[in-house]
Amino acid sequence: METTKRTFPLRIDDNVAIWTEFKELTLRYNCLSLGEGAPGHNPPQFLVDNLVKAIEEGHNQYSRVMGIPELNKKIADVYGKKLGRDINWMTEIFVSAGANSAINSIILGIIDPKGGDEVVVFEPCFPQYQDHVQMANARYVPVPLDYKEGKWSFSKETFRAALNERTKILILNNAHNPTGKLFTLEELTTISAILKDFPNVIVLSDDVYEYLTYDGKHSIMFASLPDTFNKTVSVFSGGKLFSATGWKVGWAIGPADIINAASVISTTTIYCVNAPAQVAMGRCLGDVIETQRFKEEGVSYVQHTRKEFEIVRNYMIEELQRAPIDLELTPLPCESGFFVMVDISKAICKIPTRFLESHDYEILEEGQTPVSKNRVFIEGRVPYDLAFCRWMAVERGVIMMPNSLFYNKESPYRIDTLVRLSICKGYELSVWAVQRIKGKQKTE
Amino acid sequence: METTKRTFPLRIDDNVAIWTEFKELTLRYNCLSLGEGAPGHNPPQFLVDNLVKAIEEGHNQYSRVMGIPELNKKIADVYGKKLGRDINWMTEIFVSAGANSAINSIILAIIDPKGGDEVVVFEPCFPQYQDHVQMANARYVPVPLDYKEGKWSFSKETFRAALNERTKILILNNAHNPTGKLFTLEELTTISTILKDFPNIIVLSDDVYEYLTYDGKHSIMFASLPETFNKTISVFSGGKLFSATGWKVGWAIGPADIINAASVISTTTIYCVNAPAQVAMGRCLGDVIETQGFKEEGVSYVQHTRKEFEIVRDFMIEELQRAPIDLELTPLPCESGFFVMVDISKAISKIPTRFLESHDYEILEEGQTPVSKNRVFIEGRVPFDLAFCRWMAVERGVIMMPNSLFYNKESPYRIDTLVRLSICKGYELSVRAVQRIKGKQKTE
């Protein structure tokens, strides 16, 4: 019996197809992936050992919805020091099924479901912010970050103009994805000062990469500035911190009323969170990862991780500019995080026509069906960065992400001359991938 | 700096307080808990071993949002046999952060956020259904199950009268919580026939306890009836099945369009699911738990679990009626699941007045603050079952759940003369708890 054609009311656009194309390209063209923000290595053994111990101790059933006390107390202790204040573990923290889930709960907890509220976001940005904003029924208001003279920055005036009395949330992703930008103290102070004129605005401070800074720099958490804690919810990722993005544990810290509102949502969308993983992470936060020796003498797990990724970053930035290379690529400076961005504007002329002209770019074999296509246009053409990424996948066997996907489809700020490469996949894979980008043959 | 008093727009009632009271009572009065539906034992060693192996193999990062193929393929195979059809592992299954999360995604996907849609539910029911319905902005329409002559049943006429052209979902929890009822083939066929007059209705078949049936009985999945698969989405719980409710893995099976719509929601609320746990469960579904010997020769893990819980059920039902006991309690028959219900109507006269008269029932010591209170009334009085449960907690040190909490606050069908006891906590603890209920002193 055939189903009559059903449609369902729109709550969130189906954006899965955007990422599906790259997954299918990875398989079909045997690509090395510098696409997704997931590490290429396992979580540290001390975390795994603690997970096994937590399971043996019986942490396998439903637990406190705002988080297992052992974890929340450790978070309060560790982040209290980072933020320079006492944090109430019972009321000012909630644990979520990953940071993205926390962001979903927070936005749904604050935004009026009837519509009319606005959320301001710096673009380019983590694409899922748009899904949360749409699901909450808020209006998405972008503010551009522009790259100029070696730095990403925003215009004070443009930022201020984006705010009004209907703005309820500013999403501030420091240690920024995809640019790696670290907002300076001056910039954060500017934002804070401007927000004083908009007392309805809560800052959602996405700090998931705050630990992963390079060249001796540090990420400043917005909530550590004077007079900000009570208007800020800061989000962190256990998955990123511990290289276990598939274990799905994140946490948020903020004033009790916002935390409670978000927790009411979270209790309904996920109920409670991966119990043994919470306990394991609680036991490894703080000293174990920030002070204790890991692998090398006098170097902690966090320091080791920074070093490893910095080496890959430096290698990529240098190698992608070093002859022999048939493309003129300009990597951008990267201060933090999992990614480095590369300017491809001088390489556009090298992109084979079939990728520039159409979304149907594949040369298919007999009987082969095409991969799913993300049929998006900028100014009537296939975005250059999307064409470049497809070319790299199909002919050179490397997956990378087009920057234009990190903007809302209707954003006036979309630029399509940059691509984003992961630096978290390990040195060996990164070397292969870079050699392929430079034109070396794929070997099986 | 003090926060100005903020309020957030209502999306879901804050019902956390309801359960908080019982948690606080557990701690303050050193109670044994027969409250929550979580097993009192660890997941089986074969599952834990598979989890460790999955971690070693590298299943620790983001994965396919609809579920890791190894798990989805096994689900398609195992449940395909149970449902008597081929299931497409790619399109007709999605994996969720627990069954409750799947239910949330499904309801949000189907219901129109603008309002006007209705959801029909048999009461008493799993309380979180209400939260999902409210979050989706649908109208909650209850249909009562009545207990008469040893059986829970519903009236065909009352059921039909609850349906109309605005009804979009019927939530059908077979192997029912809290009653343990197994819907008969006749009842399910009646429901299916009536639904033919309401082609807009999708059946959300909550089958999380379908494996846990007693006395040689079986739970019939609604989607296994003729011509139901294309209008039904069936939900299952890896947490319950494997005694790992804190690992947060569940799955739903249904026609591709509903599965896809639910997955779009799920991708936003949680993104992907606990990776190593998915792989571990995928390797243990089917033969390992349904055929292979577990602990005893010729008895599988599922058979063993049924036997264990049946023993506790039988003990409780017998012992709660056996002298010496100072209360007249009437346990109801229980065909499935984690719980047994007990009629307390003949014991109401024994409840000390302070519990019946007021929500402020505690006798507090100097400086002691009262526990959180769920200040709900039925017909102007404190519900009898709530008073009874509070009495049992405070004076006899046992937590159980009042049946009246398993109805919508505005339901005309609420009855308050039943309590729900868990039978999943293990024989030893259950014996101690039952002795306490019967008046034996708490020992530390």
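Values below: all heavy atoms of this structure, side chains included; hydrogens, waters and symmetry mates excluded.
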- Candidate pair B:Leu51 and A:Leu51, rule side-chain contact (heavy atoms from CB on, under 4.5 Å), full reasoning: CA-CA 10 Å; B:Leu51 180 80; A:Leu51 180 80; 4.0 Å; yes
- Message: So does A:Ile270 get a backbone contact from the side chain of B:Lys248, meaning a donor-acceptor N/O pair under 3.5 Å?
- Response: yes
- Those residues at least two apart in sequence (or on a different chain) that pass ring pair (Phe, Tyr, Trp, His ring centres under 6.0 Å) with B:Phe338 are B:Tyr209, B:Phe309
- Message: Under 4.5 Å from any heavy atom of chain B, what part of A:Asn60 do you find: side chain, backbone, both or neither?
- Response: both
- Engaged part of B:Glu36 at the chain A interface, taking heavy atoms whose separation is under 4.5 Å: side chain
- Among the options A:Val48, A:Ile258, A:Asn137, pick out the one with the most heavy-atom pairs lying under 4.5 Å from chain B. A:Ile258
- chain A heavy atoms under 4.5 Å from B:Gln278: which part of the residue, side chain, backbone, both or neither? neither
- For the residue pair A:Arg11 and B:Val264, establish whether any side-chain heavy-atom pair is separated by less than 4.5 Å. no
- Message: For A:Pro39, which atoms come within 4.5 Å of any heavy atom of chain B: side chain, backbone, both, or neither?
- Response: both
- Beyond-backbone contact of A:Gln134 with B:Thr268, side-chain heavy atoms, under 4.5 angstrom: no
- Honestly, the part of B:Val273 sitting under 4.5 Å from a heavy atom of chain A is backbone
- Item | Which atoms of A:Ala136 approach chain B - backbone, side chain, both or neither, heavy atom under 4.5 Å | both
- Message: Under 4.5 Å from any heavy atom of chain B, what part of A:Asp13 do you find: side chain, backbone, both or neither?
- Response: backbone
- Task: State, yes or no, whether a side-chain contact exists between A:Phe8 and B:Ile265 at a heavy-atom distance under 4.5 Å.
- Result: no
- Donor-acceptor pair, side chain of B:Asn42 and main chain of A:Ile55, under 3.5 angstrom: yes
- Item | Interchain contact, A:Glu56 with chain B, by part (heavy-atom threshold 4.5 Å) | backbone
- Check each atom of B:Leu108 against the heavy atoms of chain A and say whether the ones under 4.5 Å are side chain, backbone, both or neither. both
- Task: Would you confirm whether B:Gln61, through its side chain, and A:His41, through its main-chain N or O, come within 3.5 Å as a donor-acceptor pair?
- Result: yes
- Let me see the working for A:Asn104 and B:Tyr271 under side-chain contact (heavy atoms from CB on, under 4.5 Å), right down to the final yes or no. CA-CA 10 Å; A:Asn104 181 259; B:Tyr271 193 53; over 6 Å; no
- chain B contacts, top residue of A:Asn200, A:Ile110, A:Asn100, A:Ile202 (heavy-atom pairs, under 4.5 Å): A:Ile110
- Contact listing (chain A partner; residues 62-70 of chain B; heavy atom under 4.5 Å): B:Tyr62
- Between A:Ile103 and chain B, which part of the residue has a heavy atom less than 4.5 Å away: side chain, backbone, both or neither? neither
- From the list A:Val249, A:Asp131, A:Asp112, the residue making the most non-hydrogen contacts under 4.5 Å with chain B is A:Asp112
- Task: Using a cut-off of under 4.5 Å on heavy-atom pairs, state which of A:Ala38, A:Ala244, A:Ala261 scores highest against chain B.
- Result: A:Ala244
- Query: Given a strict heavy-atom distance threshold of 4.5 Å, which part of A:Gln128 is in contact with chain B: side chain, backbone, both, or neither?
  - Reply: side chain
- Message: Please identify, among A:Gly98, A:Ala97, A:Cys272, the residue contributing the most non-hydrogen atom pairs under 4.5 Å to chain B.
- Response: A:Cys272
